[in-house]
Amino acid sequence: MAVIAAHGHGVESHGASHMSPEKRLRVNRVGLWLFFFSESIIFGLLFTSRFFLLGTHQEHVDQFLGLVITIVLLASSVTAYTAETAMEKGNRKLAQWALLGTILLGVVFAVGVGFEWSVAEFGLKLSEEHHQEPQNVVFGTVFFTMTGLHAAHVVSGVGMLVLAFIMLSRGHFSKESHWGISSTIMYWHFVDVVWVFYYPALYLVAG
Amino acid sequence: MPTMGAFQKGYLVAVILAIMTILEYLFAVGVSSTEVRFAGLAITALAKVYFIAYYFMHIYRCWREEAH
């Protein structure tokens, strides 16, 4: 958030004042990629724990819903790309509309995950009423943890997109200086990358 | 895709990703061998990540000096 605010106003920290804008931008990019790397370790550990605990076993999940929310997230990446490219070309109006589209698609994705949770046929604890078996609960734990952590990132991404949208609407950012928008959109694409691995691991691996 | 405009390039990548997602789904429900399915899904996921990281996240900009 601080990054968005600082760049929206064209403010630079004292320690970086000797850097050229190009170098500053490059440092920002590398820093953001290091952040993605650290996040990948968390997501990767959950991803491997899914196969360590269950192999390729999978409980029944709604395949159609899984495919739909995956396509929604992919579509949100397209609108996010449009917003960033529009800013690079100085088209603020298109960037605003594309950001708004990304926000709406992000909300639809989060609601879809919430709906999937509400109809899931597995849980987090054994229940004799529902004739659950231990493996059912293990899958429930893995499924809710993986999709929950991912959904938390989606929700925080939507929050950052809303902030970027508000700042853009108030006249911040320009064709030459829009790292706040670029970094937020890169974060959004990272959330998409995580789902590229999580979707087949949770929905498709058992066929 | 060096001669294409930025918008066209992004939309072409999006179409490729959408086709890969549909094929991934059809592959998963159509293949009976667990090993083949796992390998196919892994390869598809890695290919999709390449497209997103390169064309959408512009990872090459980390080592290439340029403005936005």
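Atoms considered below: every heavy atom in the structure, side chains included; atoms not considered: hydrogens, waters and symmetry mates. Throughout, protein chains are lettered first and strands after them, A, B, ... in sequence-line order, and every chain is numbered starting at 1.
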### Query
What part of B:Ile52 is in contact with chain A, defined as an atom under 4.5 angstrom from a non-hydrogen atom: side chain, backbone, both or neither?
side chain
### Message
Need one label for B:Ile59: side chain, backbone, both or neither, based on atoms under 4.5 Å from any heavy atom in chain A.
### Response
both
Please round to the nearest 0.5 Å and tell me the distance separating atom [atom1] of [X] and atom [atom2] of [Y].
X       : Y        : atom1 : atom2 : result
A:Arg29 : B:His58  : CZ    : NE2   : 8.0 Å
B:Arg37 : A:Leu204 : CZ    : CG    : 9.0 Å
A:Ile71 : B:Ile22  : CD1   : CD1   : 4.0 Å
B:Phe38 : A:Thr56  : CZ    : OG1   : 8.5 Å
B:Glu24 : A:Tyr203 : CD    : OH    : 13.0 Å
B:Lys48 : A:Asp192 : NZ    : CG    : 8.0 Å

### Query
Are more than 12 heavy atoms from other residues, nucleotides or ligands located less than 6.0 Å from atom CZ of B:Phe7?
yes
### Query
When you look at CH2 of A:Trp33, are more than 12 heavy atoms from neighbouring residues, nucleotides or ligands closer to it than 6.0 Å?
yes
#### Entry: Salt bridge B:Arg61-A:Glu88, side-chain N to carboxylate O under 4.0 Å
yes
### Query
Going through the checks in order, is the side chain to side chain donor-acceptor pair (under 3.5 Å) test met by A:Tyr199 and B:Thr21?
CA-CA 10 Å; A:Tyr199 169 60; B:Thr21 302; over 6 Å; no
Could you tell me if the side chain of [Y] sits less than 4.5 Å from the side chain of [X], heavy atoms only?
X        : Y        : value
B:Tyr11  : A:Thr82  : yes
B:Leu41  : A:Phe197 : no
A:Met186 : B:Phe56  : no

### Query
Is there a side chain to side chain contact (heavy atoms under 4.5 Å, CB included) between B:Met57 and A:Val193 once you walk through the steps?
CA-CA 10 Å; B:Met57 300 174 81; A:Val193 164; 4.1 Å; yes
### Query
Highest number of heavy-atom pairs under 4.5 Å with chain A: which of B:Ala6, B:Ser32, B:Ala14, B:Gly30?
B:Ala6
### Residue part contacting chain B, namely of A:Phe51, when any heavy atom lies under 4.5 Å
side chain
